[in-house]
Amino acid sequence: MKRLTISVFISFILIFTTACSSGTNTAQTNATPEPMVESTPEPTPEPTPEPTPEPTHAIVFTLEGNYSLFGVMNEGSLVKSSDLEMESELTIEEGGGGSMTYNGETMAITKWELNEGVVSITMADGGQANAKYHDGILDLDLYGNESMVLYYGQEGADISIYEFMTLEEVREKNKGN
């Protein structure tokens with residue numbers, strides 16, 4: 001697989017690598033038990049139906065739209081793109097086109113295809129990459145081997161499942177390497 005815009009993403013790598021009970025309570029009582037008295041059972045009232053919850057207005061994402069870079073993973077270390085002072089936007093347009101902007105430079109996406117949750121993207125310079133698509137998030141695997149993944153999300157996408165490292169944690173992890 002061709003690398004996606006080599007000149008643009010070499011800087012991604014350079015920036016990244018340099019920055020880088022429960023208890024039981026028993027009570028006693030002295031009360032005497034009351035005698036059992038037979039009584040006629042009262043009729044069971046009809047159950048009151050549970051109120052229908054209000055819609056949560058969950059966001060429904062479509063593949064087409066604008067995405068902002070929120071994370072970068074290099075060699076297993078995931079860092080917020082803002083910690084690396086990296087900004088990038090990705091636009092997926094209906095009909096198979098779009099664009100990618102990094103540090104003010106924009107390149108056209110000449111073709112994209114969705115197949116079984118994977119988006120194959122071809123750039124104007126011929127570079128290609130695949131991205132896993134899920135719930136408004138694109139995991140763009142630059143080299144096809146998950147050594148460098150860019151994480152893009154649409155506005156409102158839930159990124160709470162991602163565990164980011166601080167730059168200090170990355171430095172500690174990489175000491176001696």
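Put simply, OH on Tyr151 and CG on Leu140 are 10.5 Å apart, with the number rounded to the nearest 0.5 Å. Atoms OG1 and CD, on Thr122 and Glu113 in that order, are 7.5 Å from each other to the nearest 0.5 Å. One distance of note links CE of Met148 with CG of Asn74; it measures 4.5 Å at 0.5 Å rounding. Taking NZ of Lys80 as the reference point, atom CZ of Phe70 lies at 11.0 Å (rounded to 0.5 Å).
In terms of hydrophobic clustering, with Ile, Leu, Val, Met, Phe, Trp and Tyr side chains grouped at heavy-atom distances under 4.5 Å, Tyr152 and Val118 are assigned to different clusters.
Taking the side chain to side chain contact (heavy atoms under 4.5 Å, CB included) definition, one finds that Glu169 meets it with Met165, Thr166, sequence neighbours left out. For Ala124, the side chain to side chain contact (heavy atoms under 4.5 Å, CB included) test picks out Met107, Ala108, Thr110, with sequence neighbours left out.
Residues His134 and Tyr162 approach most closely at CE1-OH, 3.2 Å, considering heavy atoms. Phe164 and Val79 make their closest contact through CD2-C, 3.7 Å (heavy atoms, listed as atom of the first residue, atom of the second, distance). Taking both residues in full, the closest heavy atoms of Phe61 and Gly136 are given as CG-CA, 3.6 Å, listed atom of the first, atom of the second, then distance. For the residue pair Ser88 and Thr101, the shortest heavy atom distance occurs at OG-O, 2.8 Å. The two residues Thr62 and Tyr67 come nearest to each other via the heavy atoms O-OH, 3.7 Å. The minimum heavy-atom distance between Ile137 and Ala157, with the atom names listed, is CG1-CB, 3.9 Å.
Within 6.0 Å of atom CD in Glu64, more than 12 heavy atoms from other residues, nucleotides or ligands are found, so the atom counts as buried in its surroundings.
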Under 3.5 Å, which donor-acceptor pairs link side chains of residues 91-99 to any protein atom two or more places apart or in another chain?
residue: Thr91; atom: OG1; partner: Asn66; partner atom: OD1; Å: 3.0

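In terms of modelled atom types and a separation under 3.5 Å, the side chain of Asp141 and the main chain of Glu146 share a donor-acceptor contact. Using modelled atom types, one side-chain atom of Ser81 and one backbone atom of Leu69 make a donor-acceptor pair closer than 3.5 Å.
Checked for salt-bridge contact, Glu75 and Lys173 miss the test: no charged N lies under 4.0 Å from a carboxylate O.
Using a 4.5 Å cut-off on side-chain heavy atoms (C-beta onward), Met123 and Ile109 make contact. Contact of the Leu138 side chain with the Leu150 side chain is not registered, since no non-hydrogen atoms from C-beta on lie closer than 4.5 Å.
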